[in-house]
Amino acid sequence: MNKNFYMIEKEPYYLNTKNEVSMFKAAYAGRLPVMLKGPTGCGKTRFVEYMAHSLNCPLITIACHEDLFASDLIGRFLLKNDETVWCDGPLTKAVRMGAICYLDEVVEARKDTTVVIHPLTDNRRILHVDKNGETLNAHKNFLVVISYNPGYQSVIKDLKQSTRQRFIAINFNYPPFSKEVEIVAKKGRLRLK
Ligand SMILES: Nc1ncnc2c1ncn2[C@@H]1O[C@H](COP(=O)(O)OP(=O)(O)OP(=O)(O)O)[C@@H](O)[C@H]1O
Ligand SMILES: [Mg+2]
């Protein structure tokens, strides 16, 4: 398992717009799962990369979609030469190595998939790997972070209440005009370098 591969080496540029950085740090200190709520393009992905870098924690991102099965997160047996070998999925890797596991657009995932994260997001902090009979205790640095855009998806695709109530919500919105100017100017300068 190559932890370095998941480290964010260079500090991503992120401008704190309210109190999101201190909220995330407090949640991480208590290993409380975090939900980033807000419209597209408001900086959720950039923020989680910035936080992973500043906490010196590996980051594993999973882009959720409607064909995402629990086995895509947990892992599966694969044929290698004439052997069957177990291959950890991204969630299992994060649980073992102590990464921040970022489930982007979590409502897009199938309902059975989101239930997989339930025992990881309460006081149990365990993952059942039913296919190989393992139950893993999450590494002490492991944390689940999800992104959620409430107005964007249809009602049918809303998050289950039992999933939602497990997370500390951090609300995002587009930055105020003056901060947006600062971000655009800074990004322009970074591009010129
Ligand atoms: N506070 C901020 N500081 C620095 N850059 C920002 C900030 N907010 C937004 N951006 C910039 O806006 C762009 C879009 O941000 P990002 O991709 O993180 O949005 P998102 O909320 O993840 O969107 P989506 O829901 O579509 O995935 C990025 O290129 C990022 O640089
Ligand atoms: Mg994003």
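All values below come from the heavy atoms of this structure, side chains included, with hydrogens, waters and symmetry mates left out. Order of appearance sets the numbers: ligands from 1, and atoms from 1 within every ligand.
One finds a salt bridge joining E134 and R96 here, because a Lys/Arg side-chain nitrogen approaches an Asp/Glu carboxylate oxygen to under 4.0 Å.
Polar contact with ligand 1: present for K187 (N/O pair, distance under 3.5 Å). The shortest N/O to N/O separation between D104 and ligand 1 does not fall below 3.5 Å. Considering both main-chain and side-chain atoms, T17 never comes within under 3.5 Å of ligand 1 through any nitrogen or oxygen pair. Considering backbone and side-chain atoms together, P175 places no N or O closer than 3.5 Å to any N or O of ligand 1.
Nearest to atom 12 (O) of ligand 1 by heavy atom, out of G38, G41, A63, is G41. Across E49, E182, K44, E105, heavy-atom proximity to atom 21 (O) of ligand 1 is greatest for K44.
Here the side chain of R166 pairs a donor or acceptor atom with the backbone of H118 at under 3.5 angstrom. Judged by distance alone, with hydrogens and angles left aside, the side-chain atoms of E20 form a donor-acceptor pair with the main-chain N or O of K18 at under 3.5 Å.
Those atoms of ligand 1 that come under 4.0 Å of a heavy atom in Y13, given as number and element, are 4 (C). Close approach to L15 involves these atoms of ligand 1, each under 4.0 Å from a residue heavy atom: 1 (N), 2 (C), 3 (N), 4 (C).
Ligand 1 lies less than 4.0 angstrom from a heavy atom belonging to I183.
In this structure, a donor-acceptor pair under 3.5 Å is absent between the side chains of N81 and E83.
Proximity of F172 to ligand 1, defined as any heavy-atom pair under 4.0 Å, is not found for any part of the residue.
Residues forming a salt bridge (charged side-chain N to carboxylate O under 4.0 Å, His left out) with D72 (at least two apart in sequence, or on another chain): R76.
At least one N/O/S atom of T45, whether from backbone or side chain, sits less than 2.8 Å from the Mg ion (ligand 2).
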Can you give the donor-acceptor pairs under 3.5 Å from side chains of residues 172-183 to other protein atoms, not counting sequence neighbours?
from : atom 1 : to  : atom 2 : distance (Å)
Y174 : OH     : T40 : O      : 2.5
K179 : NZ     : N16 : O      : 3.0

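Taking the six-membered ring where tryptophan is involved, the planes of Y50 and Y14 are tilted, since the angle between them lies from 30° to 60°.
For the pair R31 and Y28, the distance from NZ or CZ to the six-membered ring centre is under 6.0 Å and the angle to the ring normal is within 45 degrees.
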